[in-house]
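None of the values given here were measured: they were computed from a predicted structure. Order of listing sets the numbers, starting from 1, for every ligand and every atom in it.
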Amino acid sequence: MSGEFRFSFGPWNIHEGADPFGPAVRDSIEFGKKLKMYRQLGFEGVQFHDDDAVPGMDGLSGEQIIKKAKEVHSILESEGLVAEFVAPRLWEDARTIDGAYTSNDPACREYARQRTHRTLDIANALDTKLVVLWLAREGTYLREAKDSKVAVDRIVEAINDMLAYNPEIKIAIEAKPNEPMDHTYIPTTGHAIALGLLCDDPSRIGANIESAHAILAGLDPSDEMGFALAHKKLFSVHLNDQNGLKFDEDRTFGAVDLRRAFNQTRILDQYDYGRGGEFVGLDVKAMRTQKLEVSTKHLSNSRTIFLRLVELARTLDKNKVEELIGQRDYEELDMLIINHLMGK
Ligand code: 3MF
Ligand code: MG
C-alpha cells in the first residue's frame with residue numbers, strides 16, 4: 001500500500017526549535033546529513049526554498065547560483081531523491097519588509113522579480129517544473145497601508161512574469177490567511193484558484209493546500225482539497241495539524257484531530273491524488289521540547305498516520321455509508337465513522 005504514495009518534506013522541517021520567544025534548543029543538522037535522512041524516514045521528495053538549495057544566493061551571480069543548484073541536484077541523484085518544488089523565500093530580506101510583489105516601493109518589487117527569476121533558475125537546475133508560492137508578506141498589518149485591488153494586480157503581474165520567464169513551470173499557490181500578516185490577499189484555496197484565472201495561462205496555476213492554513217481560515221482542509229480537485233488544481237499538499245485558531249503549529253498530521261485527518265486522506269485516496277506524480281507533502285515541526293536524537297519522529301509519525309488512515313478510508317463499509325445517507329440517518333453515520341476510527 002505504501003508504495004502507492006510518494007512522500008516529501010522540506011529541510012526546514014528538521015529544525016532547531018527556535019520560536020518567536022526563545023532561541024534554538026537543538027544543534028543544527030547540516031543539509032547533506034538531512035538529505036541522508038530522507039530515505040531512512042520513508043521519503044523521496046525534497047521541497048526547497050530557493051536558498052535551502054543555494055544559501056546566500058543574493059550575494060551570488062546568476063551563473064554561480066545555477067552551478068550550486070546543479071551540485072545539489074547531483075547530491076539528490078546520489079541519494080535517490082528528487083526535488084518536488086522550489087519556493088522563493090520572499091519574507092526575510094530587508095527589501096521584503098512591506099511585502100515582495102505587493103510592496104509599495106518599486107525598487108523592492110523589482111528585487112522580488114529578480115529574486116524570483118533566480119528561483120526559477122534553481123528549479124530548472126534541480127529538474128523540477130513545480131514552483132510553490134507562499135505569499136508570506138503579501139498582505140497588511142494595517143488595512144489602509146495598501147490598496148487591495150492594486151495588490152492583486154501586482155501579484156498577477158508577478159505570476160505572469162514567472163510564466164513568461166519559464167514556459168514549462170507550473171505554480172502552486174499556498175494560501176494562508178494570516179501570520180506573519182494580520183490579513184493576506186490570498187487567504188484560501190478559492191482565492192488562489194480565482195487568482196490563477198486572472199493570469200496569462202490559468203492552466204499552469206494551482207494550489208498547494210496546507211491543512212493548518214485551511215484551519216486558520218476557519219475551513220475544513222478536506223473540503224478545500226475537494227474544491228481544488230474539482231478544478232483539477234491540487235498540485236501539492238502540506239499535511240499537518242493545528243489545534244484551533246492560534247499561531248501556525250505545524251503539528252504531526254492527525255495528532256490533533258484524527259477524524260479531520262481521516263477525511264483528508266479519504267478524499268486524496270478517493271480521487272487518485274498522486275497518480276499524476278503529485279507528492280504527499282508534509283509541513284510539520286517537531287515540538288520545541290524534543291531532544292536532537294529524536295527530532296525527526298514528527299515526520300515518520302505523520303507518514304505512518306497517513307498510511308494507516310488510508311487503510312481506514314479503504315476499509316470503511318461504503319455500502320453502509322450509502323445506506324445511511326439514503327436514510328438520512330446522519331447520527332448513525334457519525335457513529336459508523338467513529339466506530340471505524342476506534343477500530344470497532
Ligand atoms: C508557512 C509555510 C511555509 C511554506 C514554505 C513553502 C515555511 O506557514 O507553510 O513553510 O510552506 O515556505 O512555500
Ligand atoms: Mg507550508
Side-chain angles (χ1 to χ4, degrees), residues 7-20 34 43 45-55 57 83-93 96 99-101 112 115-116 118-120 122-123 126 128 130-139 155 158-159 162 169-189 191-192 205-217 219 221 224-225 228 234-243 245-253 264 278-286 298-299 302:
F7 294 85
S8 63
F9 68 88
W12 65 89
N13 292 123
I14 301 175
H15 69 112
E16 296 82 7
D19 69 17
K34 286 186 184 177
F43 292 77
V46 184
Q47 309 181 337
F48 286 93
H49 293 118
D50 47 11
D51 59 0
D52 290 325
V54 185
M57 59 185 281
E84 184 200 357
F85 67 67
V86 182
R89 197 197 295 275
L90 289 168
W91 53 92
E92 288 186 354
D93 190 85
T96 60
Y101 308 130
R115 167 81 179 222
T116 304
R118 301 292 80 78
T119 309
L120 299 193
I122 292 170
L126 294 178
T128 176
L130 189 62
V131 171
V132 162
L133 277 190
W134 172 47
L135 298 163
R137 297 194 192 274
E138 314 302 0
I155 299 171
I159 290 178
M162 295 170 72
I169 53 140
K170 289 170 84 174
I171 298 171
I173 298 173
E174 185 176 332
K176 183 178 182 185
N178 61 293
E179 198 200 37
M181 309 310 292
D182 178 36
H183 287 285
T184 67
Y185 292 123
I186 310 298
T188 70
T189 304
H191 289 81
I205 320 288
N208 175 24
I209 297 184
E210 174 158 331
S211 323
H213 296 179
I215 297 161
L216 287 169
L219 300 170
E224 286 283 271
M225 289 171 188
L234 192 55
F235 292 178
S236 190
V237 290
H238 261 177
L239 301 183
N240 56 18
D241 214 347
Q242 171 73 26
N243 194 16
L245 301 182
K246 49 183 95 173
F247 65 94
D248 186 358
E249 298 181 305
D250 293 334
R251 291 288 311 280
T252 290
F253 179 61
Q264 292 171 69
E278 303 89 352
F279 278 88
V280 176
L282 298 173
D283 199 359
V284 287
K285 276 200 190 82
H298 59 305
L299 291 158
S302 292

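The N, O or S atom of H238 with the smallest distance to the Mg ion (ligand 2) is ND1. Distances from the Mg ion (ligand 2) to the N/O/S atoms of E210 are shortest for OE1. Looking only at N/O/S atoms, E174 comes nearest to the Mg ion (ligand 2) through OE2.
In this structure, L133 and M162 have side chains that are in contact, with non-hydrogen atoms separated by less than 4.5 Å. Within the 4.5 Å cutoff, the side chain of L90 has heavy atoms near those of the T116 side chain. Contact check for R115 versus M57: side-chain heavy atoms found under the 4.5 Å cut-off.
Using a 4.0 Å cut-off to heavy atoms of D248, the atoms of ligand 1 that qualify are 8 (O). Distances below 4.0 Å separate heavy atoms of W12 from the following atoms of ligand 1: 5 (C), 7 (C), 10 (O). Within ligand 1, the atoms closer than 4.0 Å to a non-hydrogen atom of K176 are 1 (C), 8 (O), numbered from 1 in the order shown. Close contacts between ligand 1 and H238 involve ligand atoms 11 (O) [criterion: under 4.0 Å to a heavy atom]. Atoms of ligand 1 lying under 4.0 Å from any heavy atom of A87, numbered from 1 in the order shown and given with element: 13 (O). Interface atoms of ligand 1 facing V132, defined by a heavy-atom separation under 4.0 Å, are 13 (O).
D50 pairs in a side chain to side chain contact (heavy atoms under 4.5 Å, CB included) with only one of the listed residues (L120, T119, L126), which is T119. If you run side chain to side chain contact (heavy atoms under 4.5 Å, CB included) between E210 and each of V237, T189, D248, only D248 comes through.
At the top of the distance list for atom 12 (O) of ligand 1, counting protein heavy atoms only, stands H49 NE2, 2.6 Å. Of all protein heavy atoms, the one closest to atom 10 (O) of ligand 1 is D283 OD2, 3.4 Å.
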| task | Step by step, work out the ring-ring contact (aromatic ring centres under 6.0 Å, His included) result for W91 and H49. | result | CA-CA 11 Å; W91 53 92; H49 293 118; 5.3 Å; yes
| task | Test side-chain contact (heavy atoms from CB on, under 4.5 Å) on I186 and E138 and set out the steps. | result | CA-CA 8 Å; I186 310 298; E138 314 302 0; over 6 Å; no
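Metal site remark for the Mg ion (ligand 2): H213 contributes no N, O or S atom at a distance under 2.8 Å. For the Mg ion (ligand 2), the set of nearby N, O or S atoms under 2.8 Å includes one belonging to D283.
At a 4.0 Å heavy-atom cut-off, ligand 1 touches W91 through the side chain alone. At a heavy-atom cutoff of 4.0 Å, ligand 1 is contacted by the side chain of E174 but not by its backbone. In H213, the part holding a heavy atom less than 4.0 Å from any atom of ligand 1 is the side chain.
Of the possible donor and acceptor atoms, one in the side chain of H213 sits under 3.5 Å from a partner among the backbone N and O of A175.
With 3.5 Å as the limit, one finds no donor-acceptor pair spanning the side chains of N240 and D283. At a cut-off of 3.5 Å, with distance as the only test, a side-chain donor of H238 or Q47 sits close to an acceptor on the other residue.
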